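Here the structure comes first, spelled out in structure tokens, and everything after it is commentary.
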Amino acid sequence: MAPTSAFVTPSTLAKETTLKDGYIIDERDKAMVAHNEFSDDIPVISLAGFDEDHPGGRREAILKKVVEACEEWGIFQLVDHGIDVELINDLTKYTKEFFALPDEEKLKYEMSPGKHKGGFLISSHLKGEAVANWRELVLFFTYPVQGRDYSRWPSKPEQWKAMVEAYGENMMSLSCKMFELLSEGLGLDKDAYAKSMGDISQHLVVNHYPKCPQPELAVGLKRHTDPSSITLLLQDHVGGLQATKDGGKTWITVRPIKNALVLNLGDHAYFMSNGRFKSADHQAIVNSNETRTSIAVFMNPAQDAKVYPLNIKDGEKSLLEEPITYAEMNNRHKNRYLEIVRLKKLAKEENWSQEELDLKLSQLN
Ligand SMILES: O=C(O)CCC(=O)C(=O)O
Ligand SMILES: [Fe+2]
């Protein structure tokens with residue numbers, strides 16, 4: 001099946017009554033839980049009193065909760081995080097204005113394949129994947145600052161650029177607090193985790209999932225883990241973010257909480273903690289009633305930063321045989337993902353049972 005044309009946006013396809021072929025997912029990948037069947041299973045952690053850094057202060061309690069959430073889920077929600085609500089509102093408003101523009105306007109910023117400079121994209125699935133994601137997005141490279149290419153930042157609506165810049169800066173400070181907690185959680189000095197990342201990089205992905213004519217046949221963003229260290233996600237009220245902590249046997253839909261940030265750990269945090277912290281296994285589903293928007297901020301180490309567990313407990317084996325660079329970790333992440341895609345395709349063609357497929361998937365490293 002040919003991947004969907006790169007030049008018609010899901011916003012435009014949303015006006016049709018049936019779903020285009022290139023967006024139809026495999027039976028096995030259908031969501032088990034509805035986009036609005038909300039769960040309160042993932043922890044909601046308040047950062048109020050984060051600065052009370054003394055024994056018995058709030059910071060100690062926050063640290064404990066964050067560490068527990070990282071160990072159990074790798075995903076949790078942050079409230080009272082101190083990010084200006086007006087900034088969040090403005091960013092959301094201008095984001096919606098951008099995606100409401102006609103296709104020609106959005107496509108002026110289309111990111112050309114292989115050129116990692118940011119811009120507008122449809123679906124953003126990998127070469128080798130037959131099924132497209134029901135989403136449009138804009139990718140902004142925000143840190144390091146010298147890597148910004150403002151010509152790739154849409155200039156409509158006019159205020160959007162400034163909002164993205166301010167939001168990126170706020171997310172950088174908040175992430176640094178989180179890195180301190182991860183570090184202490186691993187029994188290390190506050191600064192050790194961030195130091196190991198070198199020149200921290202950040203990119204923002206603004207996701208737009210238009211309402212979908214046949215949502216049960218489509219997916220907004222296929223199941224994945226992020227390669228990042230941490231990802232901070234702002235989602236609107238619609239719902240659609242789903243997570244699993246048992247390898248996909250059961251799923252939950254994260255309850256949207258106004259102005260909360262969903263924090264999920266990526267593969268980098270998983271390796272640095274030698275698997276003690278989980279890399280959140282998640283996906284985004286779509287619906288036929290409402291368009292959904294989410295803004296994901298990915299915090300990554302430098303490309304040449306060393307990836308190797310920071311602290312290996314006595315008697316424990318390292319998850320990595322030897323240190324690798326983040327670039328290499330990313331590469332392996334992509335190849336593993338493509339291998340999953342290949343096995344699922346084979347399973348479909350050769351009619352494997354779910355058990356057979358699960359066995360093959362569990363043999364991937
Ligand atoms: O839109 C969402 O809820 C999830 C987005 C996400 O997982 C990503 O951009 O990596
Ligand atoms: Fe993600």
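Read the numbers this way: they start at 1 and go in the same order the structure lists the ligands and their atoms. What you see below is based on every heavy atom in this structure, not just the backbone, and it leaves out hydrogens, waters and symmetry mates. As the structure is a prediction and not an experimental result, all values here were calculated from the model.
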In plain terms, say whether [X] and [Y] are close enough for a salt bridge, that is, a side-chain N and a carboxylate O under 4.0 Å apart.
X: D189; Y: K195; value: no
X: E72; Y: K278; value: no
X: K345; Y: E349; value: yes
X: R342; Y: E339; value: yes
X: K64; Y: E60; value: no
X: E180; Y: R59; value: yes

Relative to the heavy atoms of [X], which atoms of ligand 1 are at a distance of less than 4.0 Å?
X: F298; result: 8 (C), 9 (O), 10 (O)
X: D226; result: 10 (O)
X: Y209; result: 1 (O), 2 (C), 4 (C), 5 (C)
X: H282; result: 7 (O)
X: S294; result: 1 (O), 2 (C)

F120 ring centre to R152 NZ or CZ under 6.0 Å, with the angle to the axis within 45°?
-> no

Under-4.0 Å heavy-atom contact with ligand 1, by part of Q283 that carries it = neither

Location of contacts on L233 toward ligand 1, heavy atoms closer than 4.0 Å = side chain

Centroid-centroid under 6.0 Å between F140 and W153 rings = yes

Side-chain touch L343/L357, heavy atoms, less than 4.5 angstrom = yes

Tell me, do Y150 and S155 make a side-chain contact under 4.5 Å, heavy atoms counted?
-> no

What are the protein N, O or S atoms, given as residue plus atom name, that sit under 2.8 Å from the Fe ion (ligand 2)?
-> H224 NE2, D226 OD1, H282 NE2

For atom 6 (C) of ligand 1, the protein heavy atom that lies nearest, with its residue and separation = L221 CD2, 3.3 Å

closest protein heavy atom to atom 3 (O) of ligand 1 is R292 NH2, 2.7 Å

Which pairs count as salt bridge (Lys or Arg N to Asp or Glu O under 4.0 Å) when at least one residue sits in residues 249-272, sequence neighbours excluded?
-> D40-R255

Looking only at non-hydrogen atoms, the one of V286, T225, N207, I285 nearest atom 5 (C) of ligand 1 is N207

